[in-house]
Amino acid sequence: MERSIARELLEDSHLPQHVVARAYRDLDRIHRWLGNTAAILRLLREDPVPVRRVLDIGCGHGALLDHARRRLGVDVVGVDLRPAPPSAPVPILTGDAVVDPLPSADVAVAVCLAHHLSEADFIRLVHNVSRSCRRFIVLDLVRHRLPLVLFRAFLAPFLCRLNGIDGLTSVRRSYTPAEMRRVIGMALKETGGRVRHTVAPLYIRQVVDISW
Ligand SMILES: C[S@@+](CC[C@H](N)C(=O)[O-])C[C@H]1O[C@@H](n2cnc3c(N)ncnc32)[C@H](O)[C@@H]1O
């Protein structure tokens with residue numbers, strides 16, 4: 001399957017606020033059902049150096065940071081291209097994480113952001129994060145037929161129409177494990193750093209864990 005360059009419906013900057021809020025709420029539910037939230041919290045909890053501040057890049061309305069703050073007691077900050085509503089549960093800055101200076105934090109995470117980026121921008125994002133964080137955890141989808149079939153059968157029926165469509169587009173836009181390893185390898189040529197790359201059973205997610 002070729003990597004798709006189709007845009008996702010959620011990328012439309014003219015969507016009404018309530019539609020966007022519903023989509024981010026659905027995403028939070030999906031991450032909890034699939035164990036993505038638990039996987040990120042576990043990695044943060046097991047960090048050998050105490051984590052005081054977590055930065056979520058492409059954080060949407062901040063649901064993951066809200067979980068991290070409540071469950072781990074860490075300080076949190078988010079960054080997203082789309083301005084967050086005043087009711088967001090955590091502080092969220094508006095900006096392009098590929099090029100804008102990022103707030104400093106012990107650990108940065110990015111969940112379902114990588115597939116939005118070209119390889120060149122993904123590499124620039126890794127370089128940008130390396131300037132202000134000592135660790136970067138990237139969790140994303142895997143481009144493979146199995147998650148497409150599973151998403152259509154078991155998740156899409158429970159989601160709003162927008163996420164039902166975007167979920168399939170996201171899988172088609174995501175990196176295969178081999179592509180992910182190649183791109184991260186290129187990114188780390190310049191900054192150095194150690195990387196651990198894991199792929200979950202049934203290809204439901206892949207996690208890249210970079211330490212500098
Ligand atoms: C699929 S959503 C994922 C949201 C959230 N991380 C989650 O998993 O529920 C991707 C998010 O990344 C944001 N985004 C895309 N490109 C970005 C960039 N260059 N800088 C900051 N945020 C970006 C989008 O606005 C969107 O909120």
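Counting starts at 1 for both ligands and their atoms, in listed order. The structure presented is a predicted model; accordingly, all values stated were derived computationally and were not measured. Numbers here are sequence positions counted from 1.
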Who's the nearest protein heavy-atom neighbour of [atom], and how far?
atom	answer
atom 25 (O) of ligand 1	Asp80 OD1, 2.5 Å
atom 6 (N) of ligand 1	Gly58 O, 2.7 Å
atom 20 (N) of ligand 1	Ala97 N, 2.9 Å
atom 3 (C) of ligand 1	Val111 O, 3.7 Å
atom 18 (C) of ligand 1	Leu81 CG, 3.5 Å

N/O to N/O below 3.5 Å, does that happen between [X] and ligand 1?
X	result
Glu8	no
Asp96	yes
Val98	no
Cys59	no

*Mode of Glu11 contact toward ligand 1 - side chain, backbone, both, neither (heavy atoms, under 4.0 Å)*: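 Under 4.0 Å from ligand 1, Glu11 contributes no heavy atoms.
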Taking only heavy atoms of [X] into account, list the atoms of ligand 1 that are under 4.0 Å away from them.
X	result
His31	7 (C), 8 (O), 9 (O)
Leu27	9 (O)
Leu113	12 (O), 14 (N), 15 (C), 16 (N), 17 (C), 23 (C)

If the threshold is 4.0 Å, N to carboxylate O, is there a salt bridge linking [X] and [Y]?
X	Y	result
Glu119	Arg182	yes
Asp47	Arg134	yes
Arg82	Glu11	no
Arg52	Asp106	yes

_Stepwise salt bridge (Lys or Arg N to Asp or Glu O under 4.0 Å) check, Arg25 with Asp28_ = CA-CA 5 Å; Arg25 275 200 304 277; Asp28 177 38; over 6 Å; no
May I ask whether [X] places a heavy atom under 4.0 Å from ligand 1?
X	value
His115	no
Ile57	no
Gly95	yes

*Checking salt bridge (charged side-chain N to carboxylate O under 4.0 Å, His left out) against Asp209, which of Arg196, Arg42, Arg135 comes through?*
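Exactly one option meets the salt bridge (charged side-chain N to carboxylate O under 4.0 Å, His left out) with Asp209, and it is Arg135.
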*Looking only at side chains, do His115 and Glu8 share a donor and an acceptor under 3.5 Å apart?*
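A pair is found: one side chain offers a donor N or O, the other an acceptor, under 3.5 Å apart.
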*Are there more than 12 heavy atoms of other residues, nucleotides or ligands under 6.0 Å from atom OH of Tyr203?*
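No - once you tally the heavy atoms of other residues, nucleotides and ligands closer than 6.0 Å, there are 12 at most.
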*Do the numbers put Arg3 on top of the ring of Tyr175, so that NZ or CZ is under 6.0 Å from the six-membered ring centre and no more than 45° off the axis?*
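Relative to the ring axis of Tyr175, which defines the angle, Arg3 lies inside both limits.
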*Parallel, tilted or perpendicular: which describes the rings of Trp33 and Phe158, with under 30° parallel and over 60° perpendicular?*
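Rings of Trp33 and Phe158: perpendicular, as their planes differ by over 60°.
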